[in-house]
Amino acid sequence: MMDSSKYAASYYPAPAGYSKWALKDHIETAPVWCSVDMRDGNQSLVIPMSLEEKLEYFKVLLDVGFKEIEVGFPAASDTEYDFLRTLIDNSMIPDDVTVQVLTQCREHIIRKTFEACQGAPKAIIHFYNSLSVAQRELVFKKSKEEIKKIATDGAKLVKRLAGEYDGSFRFEYSPESFTGTEPEYALEVCNAVLDILEPSEDNNVIINLPVTVEMSMPHVYASQVEYISENLKYREHVTLSLHPHNDRGTGVADTELALLAGAQRVEGTLFGNGERTGNVDIITLAMNMYSHGIDPGLDLSDMPRLVEKYEKCTRMRVYERSPYAGELVFAAFSGGHQDAIAKAMKHREENEIHGWDIPYIPIDPRDINRTYDSDVIRVNSQSGKGGIAYLLEQAYGYVLPAGMRDDLSYRCKSISDHEHKELKAHEVLSIFKKSYFLEPDSDINVLDMHFHRVGNVVESEITFTKNGSTATIHCSGNGSLDAASNALKEFTGADYELLIYNEHSMQEHGSGSIAAAYIGIKDSEGNMSFGAGTDTDIIHASVDALIAAYNNMIKKS
């Protein structure tokens, strides 16, 4: 049986009064983004990326637009070291991109890190040590002063070595396990490190506050960050950074609230890959900003490609319900949702509205290279007539009349229900054509037709075929379709009422266009039957639709 009594709060809130972030309701500007996919993300993989995979992934991160990329822990393994040297020796780091490397506050590791960075055009030396109560008391068994000395000794060494090695270096310090540390002590250590590094206008230093393990609700972290932000020395020359993990599933909330609290930079990964439950998901963060009208400064316009590259290089999978990127996040199976989406989309298109305010879809899927036909309107046994009709219209240009939408909906839902599967757009199209279009082997077909107007009357001459025999019928009507219908009634002896007739142009086709026609007829017992036809000649399309509707009526009798 589960026993919650063993757990108690292990975090340390900020002093009272640090909650100005709660008065803000949105993030005004995008932070500086630093991808840690190739370090924090890579070290969490069952099979870490090879050199070739890291090079491929590095190119993806550049394409997205990251200007700061943590490329590894070069003192940890030969692959990490060789990857950084490959980037530097082959001049693969763009002029506007800074690589970042991680090192513990240990002398031999710091020295090897600088060896790996020799000649780097721009590099951030990210050094850290853990300050948390649990680490101090249970792991290191050291006092606060002893732990602070580890940090300050590390700061002195990186500052000295930066002058001895060829390259352009910035410094970043992380009080690891910040969320398990007393905020006042974390501030004391960070300020001691800053006193050594001496931030200035030409020497911007990064102080990074990692949620190494999530321990509290997001608002607690936000207040901790605000406290540090307002009490750091050299604040105008310090970039306050975040590095949230996702143990409680609130990494995105932690980050968004902490940005309101004064943070200026975020370290995270694409799709939230990372140790345990992962790092904060930069895709979600950036797209959340985008959906509020803020340019995130990252190019996420081809989300399917990012998913494909990520899955290939990391061997991880993007969950179908992952925000913005998952296969199903825009999918509407529910008939009510589909109907609302279809109506809102039609209103937006007809009124040429620029702003996006569509029910159930927070952003326009096309912005990230997703499509309406395969990503939004999805057809299964729960789908509705509006969604199915909208899918046909968007994907193939067919605009079905109301009664026909109902009829097609029942057919599609029945097939989906009995076969226990989703129907793709091309399958809906196949059902539509099989159900309503005239086929060569239909019960009744038309071999030839001619029409001419005499005053207000249209005369028709139509040659029908049935069971191998043919007959030419002459009839008249108030229009071509009426004349054709009268001829069909005379040929078959059928009794029906033509109630629905819709037509529209579908697409450009040479010098003309393809016309689509839809017919709905009601038999003597009140049953409706439908047919459709397409042709470059609207009269031919209409007659084909009429004959198809008649054949469907016969099948019901």
Side-chain angles (χ1 to χ4, degrees), residues 18-37 61-70 94 96-98 100 122 124 126 170 172 174 178 199-211 218-219 221-232 234-244 250-272 279-301 303 306 323-325 354-357 362-364 367-368:
Y18 290 93
S19 57
K20 290 189 288 296
W21 59 267
L23 301 177
K24 304 174 184 179
D25 63 3
H26 68 282
I27 297 168
E28 296 181 352
T29 58
V32 175
W33 301 107
C34 177
S35 161
V36 295
D37 291 78
L61 297 175
L62 294 179
D63 291 343
V64 169
F66 286 101
K67 301 305 180 185
E68 295 182 4
I69 301 173
E70 190 167 87
D96 61 346
V97 172
T98 302
Q100 178 171 304
K122 286 188 290 186
I124 296 170
H126 181 188
R170 282 181 71 193
E172 174 177 350
S174 285
F178 169 74
S200 65
E201 186 172 348
D202 297 325
N203 178 34
N204 183 277
V205 174
I206 301 167
I207 291 294
N208 186 56
L209 304 178
V211 183
H219 72 286
Y221 180 57
S223 294
Q224 292 168 334
V225 170
E226 186 172 303
Y227 168 74
I228 298 293
S229 177
E230 294 191 4
N231 292 281
L232 273 180
Y234 315 94
R235 185 64 183 89
E236 68 274 24
H237 302 309
V238 173
T239 296
L240 190 59
S241 178
L242 310 170
H243 183 111
T250 58
V252 169
D254 286 339
T255 308
E256 290 183 328
L257 297 188
L259 287 171
L260 295 179
Q264 302 149 292
R265 181 179 184 266
V266 174
E267 296 185 346
T269 60
L270 299 183
F271 310 111
N279 287 63
V280 70
D281 181 359
I282 286 181
I283 295 286
T284 300
L285 283 168
M287 291 305 302
N288 281 355
M289 293 178 193
Y290 182 79
S291 72
H292 283 180
I294 304 299
D295 181 358
L298 297 176
D299 183 0
L300 305 176
S301 60
M303 195 69 73
L306 289 181
Y324 303 104
H354 175 69
W356 184 263
D357 188 19
I363 67 162
D364 187 343
D367 288 353
I368 54 175

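One-based numbering along the sequence shown.
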Side chains of [X] and [Y]: does their closest heavy-atom pair fall under 4.5 Å?
| X | Y | value |
| --- | --- | --- |
| Glu256 | Leu285 | yes |
| Val36 | His126 | no |
| Glu172 | Arg265 | yes |
| Glu267 | Ile206 | no |
| Asp367 | Tyr324 | no |

For the pair [X] (side chain) and [Y] (backbone), establish whether a donor and an acceptor sit closer than 3.5 Å, ignoring hydrogens and angles.
| X | Y | result |
| --- | --- | --- |
| Glu226 | Trp21 | yes |
| Asp37 | Leu270 | yes |
| Arg235 | Ser229 | yes |
| Ser223 | Ser19 | no |
| Trp33 | Gly297 | no |
| Gln264 | Leu240 | yes |

Ignoring hydrogens, what is the shortest heavy-atom contact between [X] and [Y]? Give both atom names and the distance.
| X | Y | value |
| --- | --- | --- |
| Ala286 | Leu300 | CB-CD1, 3.8 Å |
| Lys24 | Leu260 | NZ-O, 2.9 Å |
| Ile294 | Ala30 | CG2-N, 4.1 Å |
| Tyr221 | Asp254 | CD2-O, 3.6 Å |
| Ala258 | Leu242 | CB-CD1, 3.5 Å |
| Asn279 | Gly268 | CB-CA, 4.5 Å |

Rounded to the nearest 0.5 Å, what's the gap from [atom1] on [X] to [atom2] on [Y]? Could you check?
| X | Y | atom1 | atom2 | result |
| --- | --- | --- | --- | --- |
| Leu209 | Ser241 | CG | OG | 7.5 Å |
| Ile69 | Gln100 | CD1 | CD | 10.5 Å |
| Glu68 | Asp96 | CD | CG | 11.0 Å |
| His237 | Leu232 | NE2 | CG | 13.0 Å |
| Thr98 | Ile124 | OG1 | CD1 | 5.5 Å |
| Gln224 | His219 | CD | NE2 | 10.0 Å |

**Request:** Begin with the C-alpha distance, continue with both residues' side-chain angles, and end with the deciding distance and a verdict on side chain to side chain contact (heavy atoms under 4.5 Å, CB included) for Tyr290 and Leu298.
**Result:** CA-CA 10 Å; Tyr290 182 79; Leu298 297 176; over 6 Å; no
**Candidate pair Val32 and Lys67, rule side chain to side chain contact (heavy atoms under 4.5 Å, CB included), full reasoning** = CA-CA 8 Å; Val32 175; Lys67 301 305 180 185; over 6 Å; no
[X], [atom1] atom: more than 12 neighbouring heavy atoms under 6.0 Å:
| X | atom1 | result |
| --- | --- | --- |
| Asp357 | CG | no |
| Tyr18 | OH | yes |
| His292 | NE2 | no |
| Glu28 | CD | no |

**Request:** Please lay out, stage by stage, how Leu61 and Val97 fare under the test side chain to side chain contact (heavy atoms under 4.5 Å, CB included).
**Result:** CA-CA 11 Å; Leu61 297 175; Val97 172; over 6 Å; no
